[in-house]
2 protein chains.
Amino acid sequence: MPKMKEQIKTYFNRYVEFDDAEIDAIYEKLEEKTFKKKTFLLEENTICRHNYFILKGVVRLFYIDAKGHEKITQFAIDNWWITHMESFINQIPSSQYLQAVEDTTVLCLSKHNLELLYKEHPKLERMFRLVTENMLIANLRKSDIYLQMKSKERYTFFVEKLPDFAQRVPQYMIASYLEITPEYLSELRRQRN
Amino acid sequence: MPKMKEQIKTYFNRYVEFDDAEIDAIYEKLEEKTFKKKTFLLEENTICRHNYFILKGVVRLFYIDAKGHEKITQFAIDNWWITHMESFINQIPSSQYLQAVEDTTVLCLSKHNLELLYKEHPKLERMFRLVTENMLIANLRKSDIYLQMKSKERYTFFVEKLPDFAQRVPQYMIASYLEITPEYLSELRRQRN
DNA sequence: AGTCATTCTTAAGATATCTTAATTTTTACC
DNA sequence: GGTAAAAATTAAGATATCTTAAGAATGACT
C-alpha cells in the first residue's frame, strides 16, 4: 500500500473503522497534488471545489480586509483538512484565499466526489460528521477563548497549545491570526523575556 | 399531529426529507420540557446529557471567568439547537452553564437516544452532519468577523444581523456576548444617536 | 401606587493596543 | 559571499477600551 494511502487510512480509522476495500474506493476519488510555497490552492471570488487533506506542509486561509491587510483565519498542517467551508459546502464564491505557506502535498477531495462517496459509504458520512463536530468544538473554543483574552494571553496560548504551528509559521502571520499588529506582538515578546 | 411535532418536522425537512413514520420514530425519542426564566438546563461541572431544540424561548450558554464575571458564548432562540457541544459530544463535564433567559420550552434529545437514532436512521446522521456544518460555518464567520471588528462594529453587526436576539435579550447580556463592558456599550450607543 | 432589584447611563482616570516611521535582523537567491 | 527582499524590532504619540464609582431609569412584585 502506498505511503499516502497508509496515512489516509490511519487518519480515517481514528474516527470509523473502514476495511481495505472501502479505503481503496475512497482513495481512488482522491487526487494527490503538490503546491510550491506561496502558490494558491484557492483564490478569492472563485468557488472552492475541493476539501484538502494535507499530507505534508502548511496552508493558510486568509482574506484581504478593507485596509488591504491580510487577515489569516486558519492554519493547517500535516493530517488536517483545510478548505473554505462556506465556499466548499455551498459551492459559492469564496471571500478568502488558500495559500501554501511552505511546499505542501495534499489529497484533493472534490465536492462532487464527496457527494458520490456519501451515497455509497454511509460510514464516510459518519466520519465527516465526527470530523465536523471536532472542528466545531475547536472553533467554538477558539472564539470563546480568543475573544476574551488579551493579546499577550492569546499569543502565549497559541504558542503553548500549537507549538507545531508556532514553529513553522512566520511571526507576522501568527500576529495576523491572533489579530495583533506585528509591532505590538514584537513588544509583547520582549516583555515576556 | 401535535403542534410540536409539526414544528420539528418542518425543521427536519429543511435538511433531509423524512417521511411521517421516520418523524414519528424520532419524535418518540424526544422529551418536551419547560424551563422557567433563570432556571438552568445545565450547570458547570456536570455532563451535558442533552441537545436541546428550542420550540419557544431564549437560552444562553455562559461561563464564569477568573474575575467572577459571566461570559456569554452563545444565544439560541426558537428553532435553534443548543447544548454545550464539547460536553455533550464527548460526555465530559461542562465548563459552562445553560440557562433560560425567558420561559422556554424545549425538546430534549439525549446523547443515548441520538446514538440509537443514528444507527436506525442514516438520514438523521446526514441531517446532523448538515446542521453541524452550518453551525461550523456560522461560527467560523463569527470568529473571523468579531475578532477583527472594533466594539462598535460588533454591536452594529449584531443588531443588524440578529435583530430577533437583540430584542429579546437584555443589553448587558449582549455586551457580554460581544466582549464589551456594559458601560462602554452604553457609551457606544450614545455616540451612535 | 410603592418599594426593591435589576438594568442602564455617565464620567474620570488608567491601561491596552494601534499607527506611523525608521532601523535592524534574517532569509532567499544569483 | 553579496545583495535585495522579507521579517522583526523599536519608539512616540494617538485611540480604543476598561475600571471604578456613582446615579438614573426601568421593571417586577406586593
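So you know, we letter chains A, B, ... as the sequences are listed, proteins then strands, and number each from 1. Computed from a prediction, not measured in an experiment: that's the story for all the values here.
- Between the two ends of the helix from C:dA1-D:dT30 to C:dC30-D:dG1, each summarised by a five-pair axis, the helix axis turns through 60° (rounded to 10 degrees).
- Of the possible donor and acceptor atoms, none in the side chain of B:Gln167 sits under 3.5 Å from a partner among the backbone N and O of B:Asp164.
- To the nearest angstrom, P of C:dC8 lies 14 Å from CG of B:Leu188.
- Counting heavy atoms from C-beta on, the side chains of B:Leu140 and A:Gln74 come closer than 4.5 Å.
- Counting to the nearest Å, the P atom of D:dT17 and the NZ atom of B:Lys152 are 10 Å from each other.
- The interatomic distance linking A:Glu153 (CD) with C:dT17 (C1') rounds to 14 Å, in whole Å.
- Paired with B:Glu102 under the rule salt bridge (Lys or Arg N to Asp or Glu O under 4.0 Å), one option of B:Lys37, B:Arg168, B:Arg60, B:Lys38 passes, and it is B:Arg168.
- For the pairing with B:Arg49, the side-chain contact (heavy atoms from CB on, under 4.5 Å) check across B:Gln91, B:Lys111, B:His112 returns one residue only, B:Gln91.
- With rounding to whole Å, A:Lys37 atom NZ is found 12 Å from C:dC29 atom C1'.
- Rounded to an integer number of Å, the gap from CD1 of B:Ile174 to C1' of C:dT6 is 16 Å.
- Nearest-nucleotide mapping onto DNA chain D: of B:Lys67 and A:Pro182, the residue sitting toward the 5' end is A:Pro182.
- Counting any heavy atom pair closer than 4.0 Å across all strands shown, B:Tyr172 reaches sugar-phosphate atoms only and no base atom.
- If A:Lys150 and B:Leu185 are placed on DNA chain C by their nearest nucleotide, the residue sitting closer to the 5' end is B:Leu185.
- Within the structure, every side-chain polar atom (N or O) of B:Thr181 is placed at least 4.0 Å from both OP1 and OP2 of D:dT17.
- At a cut-off of 3.5 Å, with distance as the only test, a side-chain donor of A:Trp81 or A:Tyr11 sits close to an acceptor on the other residue.
- Nucleic acid contact for A:Ser186: base, since at least one base atom lies under 4.0 Å from a heavy atom of the residue.
- Between A:Arg190 and the phosphate of D:dT10, there is a side-chain N or O to OP1/OP2 separation shorter than 4.0 Å.
- For A:Ile180, counting side-chain heavy atoms from C-beta on, the closest listed nucleotide (C:dT10, D:dA11, C:dC18) is C:dC18.
- Taking the six-membered ring where tryptophan is involved, the planes of A:Phe128 and A:Tyr118 are perpendicular, since the angle between them exceeds 60° and thus also 30°.
- Between B:His69 and A:Gln171, the residue whose closest nucleotide on DNA chain D is further toward the 5' end is A:Gln171.
- In this structure, A:Met149 places its CE atom 17 Å from P of D:dC18, rounding to the nearest Å.
- Comparing B:Lys38 and B:Glu183 by the nucleotide of DNA chain C whose heavy atom lies nearest to each, the residue mapping closer to the 5' end is B:Lys38.
- Distances shorter than 4.0 Å separate some side-chain N or O of B:Arg189 from OP1 or OP2 on C:dT9.
- Distance B:Gln191 CD to C:dT9 P: 13 Å, rounded to the nearest Å.
- Under the 3.5 Å distance criterion, with hydrogens and angles disregarded, a donor-acceptor pair is assigned to the side chains of A:Glu44 and A:Tyr97.
- Both tests do not hold together for A:Arg141 against A:Tyr146: distance to the six-membered ring centre under 6.0 Å, angle to the ring axis within 45°.
- Distance OH (A:Tyr155) to C1' (D:dA8): 11 Å, rounded to an integer number of Å.
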